[in-house]
Amino acid sequence: GSEARPLHFYSYYGGTTGHEWDLIVRSHVGGLGYVRGQRIFEAGCAAGAFLDSVARQFNVHVAGVDFASALIRIAQKRVAGSFCTADAGNLSFIPPHAFDHALAFGVLTYVNDPSHACTIAKELLRITAPGGTVFLGQLNDPELAISKTRPPKMEGGLGVPPHYWY
């Protein structure tokens, strides 16, 4: 069942081990100064894989949003943190400076309108406390760069089944 799947399966990294996933996460945010007890927010958190790894590696509090309610339900069950279904471009329910750091990993690639991507970035800046960081990350995906659509690998095999997309 889905409970047995590693969380990073839902972020299209089902072919990596848990250790490899933690290395990927650390390679992206390890130098951003996350300190024990801080609050980290992720826009487009899917099932919470990135935040789960961050919480375990840095001993921080995590929260996130995603538009896919099925993925948010997985995060709510399996990750210690706060998660809800929401548009990352409208975080008006979060007060300014509520988080020490914010991030969006592998999300902006899927935003169709560049102005919406800017809106998401502005919202992350708004909810991040002064002195914090906002990380907008993306691993290179040659298939995605060529196709400009979801790579076929995301539709089966190691990818996320379509019924988890929305």
Side-chain angles (χ1 to χ4, degrees), residues 2-89 91 94 98-111 117 120-121 123-129 131-145 150-151 153-154 157-161 164-165:
S2 64
E3 291 299 316
R5 290 182 177 142
L7 287 171
H8 59 275
F9 166 88
Y10 301 101
S11 296
Y12 313 130
Y13 292 89
T16 61
T17 67
H19 175 71
E20 289 168 335
W21 176 248
D22 284 347
L23 290 176
I24 289 169
V25 171
R26 183 173 281 284
S27 73
H28 284 81
V29 298
L32 297 181
Y34 291 4
V35 175
R36 175 189 199 104
Q38 286 186 323
R39 301 152 300 160
I40 314 297
F41 179 85
E42 183 177 12
C45 67
F50 202 94
L51 288 177
D52 178 65
S53 180
V54 165
R56 286 185 290 99
Q57 293 189 71
F58 299 98
N59 200 12
V60 293
H61 304 286
V62 298
V65 300
D66 199 283
F67 67 83
S69 56
L71 294 175
I72 286 295
R73 284 192 295 276
I74 293 168
Q76 290 169 334
K77 287 180 191 172
R78 296 182 53 189
V79 180
S82 299
F83 300 92
C84 69
T85 303
D87 177 354
L91 302 175
I94 300 174
F99 292 90
D100 298 295
H101 304 276
L103 65 102
F105 181 75
V107 172
L108 298 182
T109 299
Y110 301 101
V111 176
I120 292 169
E123 279 290 82
L124 293 178
L125 287 168
R126 184 185 66 76
I127 67 168
T128 302
T133 62
V134 174
F135 173 73
L136 306 176
Q138 179 66 42
L139 281 181
N140 290 334
D141 186 335
E143 288 184 62
L144 185 62
R150 273 187 211 277
K153 70 180 181 183
M154 293 183 184
L158 298 176
V160 177
Y164 283 110
W165 292 356

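Here the structure is a predicted model, which means the values were calculated and not measured.
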- What one should report as the nearest heavy-atom pair of Ala117 and Val111 is N-CG1, 3.6 Å
- Message: Ignoring hydrogens, what is the shortest heavy-atom contact between Val62 and Ala55? Give both atom names and the distance.
- Response: CG1-CB, 3.9 Å
- Query: How far apart are the closest heavy atoms of Ala47 and Ile74, and which atoms are they?
  - Reply: CB-CG2, 3.7 Å
- Sub-3.5 Å donor-acceptor pair from the side chain of Asp100 to the main-chain atoms of Gly132, do we have one? no
- Query: Side-chain contact, heavy-atom cut-off 4.5 Å: Phe105 with Val29?
  - Reply: no
- Residue list, side-chain contact (heavy atoms from CB on, under 4.5 Å) with Ala88, at least two apart or on another chain: Ala43, Val65, Ile120
- Item | For Ala80, side-chain contact (heavy atoms from CB on, under 4.5 Å) partners two or more places apart | none
- Message: Can you give me the closest heavy-atom contact between Ala46 and Asp66, atom names plus distance?
- Response: N-OD2, 2.8 Å
- Message: Can you list everything that forms a side-chain contact (heavy atoms from CB on, under 4.5 Å) with Gln57? Sequence neighbours excluded, please.
- Response: Asp22, Val25, Arg26, Ser53
- Using the test side-chain hydrogen bond (donor to acceptor under 3.5 Å, both in side chains), find all partners of Thr133 that sit at least two apart in sequence or belong to another chain. His101
- Which atom names give the shortest non-hydrogen contact between Cys84 and Ile72, and what distance separates them? O-CD1, 3.4 Å
- Item | Euclidean distance, Arg73 CZ relative to Arg78 CZ, rounded to 0.5 Å | 14.5 Å
- Note on the structure: Contacts of Asn59 meeting side-chain hydrogen bond (donor to acceptor under 3.5 Å, both in side chains) (sequence neighbours excluded), chain-then-number -> none
- Message: Rounded at 0.5 Å granularity, tell me how far CD in Glu42 sits from CG in Asp52.
- Response: 11.0 Å
- Message: I'd like to know if the side chain of Arg126 and the backbone of Leu91 have a donor-acceptor N/O pair within less than 3.5 Å.
- Response: yes
- Out of curiosity, Phe50 CZ to Leu103 CG, how far, rounded to the nearest 0.5 Å? 5.5 Å
- Residues two or more places apart in sequence or in another chain: which of them pass side-chain contact (heavy atoms from CB on, under 4.5 Å) with Ala121? Leu136
- Query: Roughly how far, to the nearest 0.5 Å, is the NZ atom of Lys77 from the CZ atom of Phe83?
  - Reply: 14.0 Å
- So, do Thr128 and Phe41 sit near enough that their side-chain heavy atoms are less than 4.5 Å apart? no
- Item | side-chain contact (heavy atoms from CB on, under 4.5 Å) between Leu71 and Cys45, intermediate numbers included | CA-CA 8 Å; Leu71 294 175; Cys45 67; over 6 Å; no
